[in-house]
Visitor: 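One structure, pasted below without further comment.
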Amino acid sequence: MAGRRRPRLRQLRLGSLGPDEPDLVLDYKAPTRGLWVWETAIPGDADTTSDLIAFSGEHGITTLFLACDPVGYGQDGAVERYGEFVAAAHATELEVYGMSGYGWFTIPCDAGLDGQPTCFTEGWGVYEAGAGSGLFDGIMDDSESYSVAKSHWSEHTAKRSRWVLHFLDGVRERIGELPLHHTAPAWYDTLEPFPREDGGPEKTLDAWLADTVDVVALMSYRDTAEAVIEISSPELEQGPVWLGVEIADAGEGDSVDFSEEGSAAMMAEVERLEELTADDENVVGVMIHDYNHWKNAAP
């Protein structure tokens, strides 16, 4: 499937078995770790670019989900400064996904919802421009439909879910061969199943997303590895998944994030999570939200 990362192999040098024997070198699968980066001023700034790349190397990050709106909206000089950033990241084997998203991107332009400021076409344009720049290794969409027109979502969940899928189909058409990843909360599996077409098969939204995008970026925010796996288990049966952890205060209680425990506790659980899921082919990796909060978090 497009978008599935090949295992990142690294070499472990164990030393020689004797004075006349060569060193024994084993290949092993290195963890895949994603990092969310919302700061669009970093590309083009040499110092903050170096800081981010160094931070990524120190913490084993392999993939950056970098807010790409300056490129997506055609800001002057954006392609050039993002190009310099991506080149520097690629030089250290970091992948860079163009990331954006807005709940209103998932709404048709003729929906007529109260207060609707935009619709499908703006979101499609952002990702088409991002893909057309040739800079990014993939696209990460963070359009959380349930976050806008909330009462309409509650009353018309199946309709809104179909709109989400239609929006993502449109993104796919516009980004060519680039992998498409999309964020999802861990509660989509609790929604009522629905058909994409009248009379068709019924599935929950998490299952439809697994059929639509290359990888689901699951906001499986909990503060132990075991709890992350438990809340993610339905999605892990559907297809490739990023497992998410949160260092910022999510405002949903201490068990959801690592804002009180600190970064060392978070990384201990990340390593535990990687250990427990090492043999699960549907675990693409662990993603951490986000760079700004992590670098400023308590140790």
Visitor: Just so I know, are the side chains of N282 and V241 near enough to count as touching, which here means a heavy-atom distance under 4.5 Å?
Guide: no
Visitor: Could you tell me how the ring of F55 sits relative to the ring of W294: parallel (under 30°), tilted (30 to 60°) or perpendicular (over 60°)?
Guide: perpendicular
Visitor: Check whether any side-chain heavy atom of P70 lies under 4.5 Å from a side-chain heavy atom of Y82, and answer yes or no.
Guide: yes
Visitor: Might you point out which heavy atoms bring W153 and S161 nearest each other, and give the distance in Å?
Guide: CH2-OG, 3.9 Å
Visitor: How close do L209 and L165 get, counting heavy atoms only, and between which atoms?
Guide: CD2-CD2, 3.8 Å
Visitor: Can you confirm whether or not the ring centre of H166 sits under 6.0 Å from the ring centre of F120?
Guide: yes
Visitor: Work out which heavy atom in A111 is nearest to a heavy atom in Q116; give both atom names and the distance.
Guide: CB-OE1, 3.7 Å
Visitor: Please enumerate all residues that pass salt bridge (Lys or Arg N to Asp or Glu O under 4.0 Å) together with E128, with sequence neighbours excluded.
Guide: none
Visitor: For V283 and L243: C-alpha separation, side-chain torsions, deciding distance, then whether side chain to side chain contact (heavy atoms under 4.5 Å, CB included) applies.
Guide: CA-CA 7 Å; V283 175; L243 299 176; 4.1 Å; yes
Visitor: In terms of ring plane angle, is the pair H289 and H293 parallel, tilted or perpendicular, where the classes change at 30° and 60°?
Guide: parallel
Visitor: Given the rule that I, L, V, M, F, W and Y join up when any side-chain heavy atoms are under 4.5 Å apart, are V256 and I231 in one cluster?
Guide: no
Visitor: Is it the case that over 12 heavy atoms from other parts of the model lie below 6.0 angstrom from the NZ atom of K295?
Guide: yes
Visitor: Is the shortest distance from a Lys or Arg side-chain nitrogen in D141 or R172 to a carboxylate oxygen in the other one below 4.0 Å?
Guide: no
Visitor: Within the 3.5 Å criterion, strictly below it, is a donor on H152 or R160 matched to an acceptor on the partner's side chain?
Guide: yes
Visitor: Not counting sequence neighbours, list each pair that qualifies as a salt bridge (Lys or Arg N to Asp or Glu O under 4.0 Å) and has a residue in residues 216-240.
Guide: E226-R272
Visitor: For the pair Y102 and F105, name the ring-plane relationship: parallel under 30°, tilted 30 to 60°, perpendicular over 60°.
Guide: perpendicular
Visitor: Considering only NZ, NE, NH1 and NH2 on the basic side and carboxylate oxygens on the acidic side, decide whether R196 and D211 come within less than 4.0 Å.
Guide: no
Visitor: Given side chain to side chain contact (heavy atoms under 4.5 Å, CB included), test L273 with E269 step by step and report yes or no.
Guide: CA-CA 6 Å; L273 183 55; E269 292 302 321; over 6 Å; no
Visitor: So, taking the atom named OH in Y97 and the one named CZ in F136, what distance separates them when rounded to the nearest 0.5 Å?
Guide: 12.5 Å
Visitor: Do D142 and T183 meet the criterion of a side-chain donor-acceptor pair at a distance under 3.5 Å?
Guide: yes
Visitor: Is there a side chain to side chain donor-acceptor pair (under 3.5 Å) between D69 and S100? Walk through the geometry before answering.
Guide: CA-CA 6 Å; D69 291 331; S100 186; 2.6 Å; yes
Visitor: Take atom CG in D114; do more than 12 heavy atoms of anything else shown fall under 6.0 Å from it?
Guide: no
